[in-house]
> 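Here's a structure for you.
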There are 2 protein chains.
Amino acid sequence: MSDKVPTIKVIAKKLGLSASTVSRALNDHPSIGLKTKTLVKQLAKDLGYEPNQTAIFFQKRKTFTIGVVLPKLSETFFSEAISGIEDFASMNKYIVFLGQSHDDEEREKKIIESMKNHRVDGIISSISKNTTNYAHFEMLKKYDIPIVFFDCIPPIENINSVECDMVEGTIKAVSFLLKKGYRNIGLINGPHKLLASQQRLEGYRIAINKNRLKFDPNLVINTDLSTKGTHDAMAEFFSHKRTPTGIITFNDYVALDAAQFAFQRNKTIGKDISFVSYANLPINSYMAYPPLASIEQFPYDQGKRAMEMLLGILESENKSDTNKGFRIKIETELVLNSHQNSGRIFS
Amino acid sequence: MSDKVPTIKVIAKKLGLSASTVSRALNDHPSIGLKTKTLVKQLAKDLGYEPNQTAIFFQKRKTFTIGVVLPKLSETFFSEAISGIEDFASMNKYIVFLGQSHDDEEREKKIIESMKNHRVDGIISSISKNTTNYAHFEMLKKYDIPIVFFDCIPPIENINSVECDMVEGTIKAVSFLLKKGYRNIGLINGPHKLLASQQRLEGYRIAINKNRLKFDPNLVINTDLSTKGTHDAMAEFFSHKRTPTGIITFNDYVALDAAQFAFQRNKTIGKDISFVSYANLPINSYMAYPPLASIEQFPYDQGKRAMEMLLGILESENKSDTNKGFRIKIETELVLNSHQNSGRIFS
DNA sequence: AATTTTTATGCAATCGTTTGCGTAAAAGAA
DNA sequence: TTCTTTTACGCAAACGATTGCATAAAAATT
């Protein structure tokens with residue numbers, strides 16, 4: 001079919017030159033005469049010659065390809081992150097492969113395998129929440145494929161990572177609620193084994209201590225992040241004497257579900273009870289009960305930074321391999337939600 | 001560095017065989033003896049041999065790679081679609097390349113170029129809203145790279161496409177509002193030159209005619225889909241004597257902005273004025289003023305169907321090339337929003 | 001004019017794998 | 001035993017480009 005696609009050989013033959021000369025002419029090699037060079041370039045242009053990258057990749061052992069592996073693409077947080085990764089990758093002539101693990105270890109493993117087979121130059125990943133075995137990541141070393149983790153990071157030594165400082169972020173959230181006058185601060189956390197959950201809890205404890213309050217285990221509940229889990233957590237909060245009035249939630253979805261539950265229990269949101277969450281929704285301003293504030297995690301920026309880090313690693317790959325793992329912590333930011341709606345609706 | 005990675009040659013040498021025999025043994029070629037085959041396979045396993053796909057791709061001229069090009073990954077509609085594409089691609093051993101055009105023709109062109117250079121087996125694309133020249137798509141024919149368009153489709157003959165029947169969808173929307181008792185049906189449409197806008201308008205006209213109503217040009221406004229554009233449109237609606245009470249909006253964002261505007265003009269949403277939009281947000285149930293109903297476009301399904309179509313084309317590529325363009329129209333569905341919130345808030 | 005230097009090009013190997021064709025050895029048939 | 005068939009494997013080319021090394025031709029130097 002497509003033997004219309006010209007190769008270097010065709011050009012060489014038409015011009016009575018050797019393939020090597022054509023190659024060098026096209027790549028502005030100094031040892032090619034001007035006449036020949038222009039001749040070759042002209043014909044290449046006329047024929048619409050385009051180098052076959054698969055051949056070059058194969059030869060140079062470099063594909064200009066980045067693999068991105070994450071749990072779920074349709075989550076705003078991740079699609080924002082990919083957007084950052086893709087923007088920055090394409091600026092640097094890289095192209096990104098995508099794979100979603102759906103939080104399944106097996107799928108994650110297969111995707112990593114596939115990307116390794118495609119010989120990506122590097123990988124960026126937020127690991128599956130159910131991954132407990134990390135051999136598929138370790139294996140990449142054998143193929144000299146560097147990996148940068150972001151967001152959800154495995155407990156491995158000497159890895160490259162970009163992450164938000166959740167501890168710091170949670171401290172900010174607690175402090176904010178205290179300053180607003182809420183004394184009973186609750187925390188609806190995610191699954192216990194998640195690093196993200198542990199960090200939130202740590203920040204929570206630090207903030208509680210720093211403010212000379214007593215840590216009350218009844219005010220912290222781990223959930224599976226489902227709507228039902230959130231409702232159950234809220235029900236439990238309400239079943240205790242000391243009901244939290246300022247609640248920090250694992251993410252925006254939890255905050256929305258929790259607020260909905262509170263509303264149904266005739267609480268006035270923003271007054272009786274308020275929420276602070278970790279931002280992962282872009283449209284809080286349209287929400288019926290948006291959280292009072294959100295800890296912004298800058299997913300786009302995280303993706304961009306991860307890509308930058310990976311590019312740096314790729315470019316310095318020849319040099320001393322003393323890479324004991326690069327780590328970037330991104331400062332979170334407490335963003336007050338505008339409450340265009342709740343201002344009118346609840347007051 | 002990574003000369004640990006074993007190749008077929010290494011295996012051949014260690015076993016005193018030829019590379020071709022090893023290759024055939026690994027691929028279960030019938031002309032290889034059982035002993036040899038098991039021997040080879042065992043050593044391959046011990047050495048952790050993995051074929052170098054870049055070499056195979058190069059040789060077989062097949063990369064098991066699909067390019068996906070769309071305007072903006074962080075839009076829910078697209079991330080859902082990609083999710084569908086990726087799920088289905090990975091089930092079939094394909095891996096997807098991603099590129100976002102940001103609705104810029106130049107970027108779209110570059111992405112397509114890059115994907116062609118990477119020799120993707122096929123491309124799925126929703127084109128940029130600002131693309132007017134389609135040469136970069138036509139060029140793909142030369143490289144035998146089939147392309148399936150979805151969502152935003154260029155006006156080219158004989159193309160493969162998956163799309164929602166917006167005409168039908170709009171008819172449903174108008175009928176729904178009429179049935180609900182709204183007589184003045186407005187349409188906040190997108191940019192005029194967009195096919196999607198034209199289809200909405202067509203459906204609108206058909207529905208108006210079918211119901212023996214008179215088409216009123218004051219009830220249809222084209223916008224740039226920005227918040228300001230929507231507010232301007234609403235202001236214009238309100239400036240006329242005959243103000244629409246049932247409004248169809250180009251998408252959910254427009255509906256939210258429009259509802260906000262109406263609310264600020266002291267309209268009771270869901271009573272004085274109601275909205276029906278084209279769904280692209282997954283979380284209408286948490287919204288302060290969700291549209292009464294949404295025309296669901298099934299982005300995940302569209303992505304999946306596009307991928308299926310592309311796979312079909314790829315698998316039958318040898319056969320008679322009488323492909324005059326496959327076209328799938330997906331039925332839209334009018335989904336009533338649950339209004340968990342507005343029910344309580346507005347009544 | 002003879003020698004050296006520079007310039008411009010070709011040869012051939014290489015990247016890792018696949019595959020058509022040829023052939024020695026083993027097995028079967030006469 | 002001899003001839004034919006089958007079985008099991010190797011050789012070498014191919015995919016499209018790059019690159020170290022050799023070398024012919026041209027230019028510069030003496």
Side-chain angles (χ1 to χ4, degrees), chain A residues 1-41 43-44 47-65 116-119 121 142-144, chain B residues 1-41 43-44 47-65 116-119 121 142-144:
Chain A
M1 310 284 171
S2 72
D3 285 337
K4 324 150 193 177
V5 182
T7 70
I8 263 191
K9 291 181 185 176
V10 172
I11 297 180
K13 189 173 289 175
K14 290 212 183 202
L15 255 40
L17 291 170
S18 74
S20 42
T21 302
V22 173
S23 170
R24 278 188 263 251
L26 257 17
N27 291 301
D28 285 317
H29 192 280
S31 80
I32 298 297
L34 186 60
K35 311 148 257 171
T36 321
K37 192 190 286 184
T38 45
L39 219 63
V40 169
K41 285 194 172 179
L43 183 61
L47 261 50
Y49 168 78
E50 300 270 0
N52 182 333
Q53 299 283 13
T54 63
I56 299 179
F57 297 155
F58 168 49
Q59 213 262 38
K60 294 217 166 159
R61 307 162 147 274
K62 164 106 189 166
T63 59
F64 280 98
T65 283
K116 176 215 64 186
N117 287 343
H118 280 261
R119 292 293 191 273
D121 292 334
K142 181 172 158 193
Y143 291 87
D144 282 331
Chain B
M1 312 281 170
S2 69
D3 286 336
K4 322 149 193 174
V5 182
T7 68
I8 265 190
K9 291 183 184 175
V10 172
I11 296 180
K13 188 173 287 176
K14 291 211 183 202
L15 255 40
L17 291 171
S18 74
S20 42
T21 301
V22 174
S23 170
R24 279 187 263 251
L26 258 16
N27 291 301
D28 286 316
H29 192 281
S31 79
I32 299 298
L34 186 60
K35 312 147 256 171
T36 321
K37 193 190 286 187
T38 44
L39 219 64
V40 169
K41 285 195 173 180
L43 183 61
L47 261 48
Y49 167 79
E50 300 271 358
N52 182 334
Q53 299 282 15
T54 63
I56 299 177
F57 297 155
F58 168 49
Q59 214 267 75
K60 295 217 166 161
R61 306 163 146 272
K62 165 104 187 165
T63 59
F64 280 97
T65 283
K116 176 215 62 184
N117 287 343
H118 281 260
R119 291 293 190 273
D121 291 336
K142 180 173 158 192
Y143 291 87
D144 281 331

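Letters go in sequence order (proteins before strands), and every chain restarts at 1.
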> Counting only side-chain heavy atoms from C-beta out, which of C:dT9, C:dC15, C:dT18 sits nearest to A:Phe58?
C:dC15

> To the side chain of B:Ile32, which of D:dC9, D:dA17, C:dA8 is closest?
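From the listed options, D:dC9 comes nearest.
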
> If you check the A:Arg61 side chain, which of D:dT19, C:dG16, C:dT18 turns out closest?
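Among D:dT19, C:dG16, C:dT18, the one nearest the side chain of A:Arg61 is C:dG16.
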
> Using the closest heavy atom to pick a nucleotide of DNA chain C for each, name whichever of B:Arg24 or B:Gln53 lands nearer the 5' end.
B:Gln53

> Nearest of D:dG10, D:dA17, C:dG10 to any side-chain atom of A:Asn52?
D:dA17

> Give a yes or no answer on whether the side chain of B:Arg119 reaches the backbone of B:Lys116 with a donor-acceptor pair at less than 3.5 Å.
yes

> State, yes or no, whether a side-chain contact exists between B:Tyr143 and A:Glu50 at a heavy-atom distance under 4.5 Å.
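Side-chain contact under 4.5 Å: yes.
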
> Rounded off to whole Å, could you give me the NZ-to-C1' distance for the A:Lys62 and C:dT14 pair?
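Interatomic distance, NZ of A:Lys62 to C1' of C:dT14: 20 Å.
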
> What's the closest nucleotide to the B:Leu17 side chain, out of C:dT18, D:dA17, D:dG10?
D:dG10

> Looking only at side-chain atoms of A:Ser31, point me to the closest of C:dT9, C:dT18, D:dG10.
C:dT9

> Measure the distance from CD1 on B:Ile8 to P on D:dC9 and round it to the nearest whole Å.
15 Å

> Please work out if A:Tyr49 contacts a base, only the sugar-phosphate, or nothing of the nucleic acid, heavy-atom cut-off 4.0 Å.
sugar-phosphate

> With sugar-phosphate meaning primed atoms plus P, OP1 and OP2, does B:Lys60 contact a base, only sugar-phosphate, or nothing at under 4.0 Å between heavy atoms?
sugar-phosphate

> Distance check needed: C:dA8 C1' versus A:Lys35 NZ, whole Å only.
8 Å

> Contact between A:Val22 and A:Leu26 at the side-chain level, heavy atoms closer than 4.5 Å - yes or no?
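In contact.
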
> May I have the distance from B:Leu39 (atom CG) to D:dC9 (atom C1'), rounded to whole angstrom?
14 Å

> Base, sugar-phosphate, or nothing for A:Ser20, non-hydrogen atoms under 4.0 angstrom?
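Result for A:Ser20 = base.
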
> What is the distance from CG of B:Leu26 to P of D:dC9, rounded to the nearest Å?
14 Å

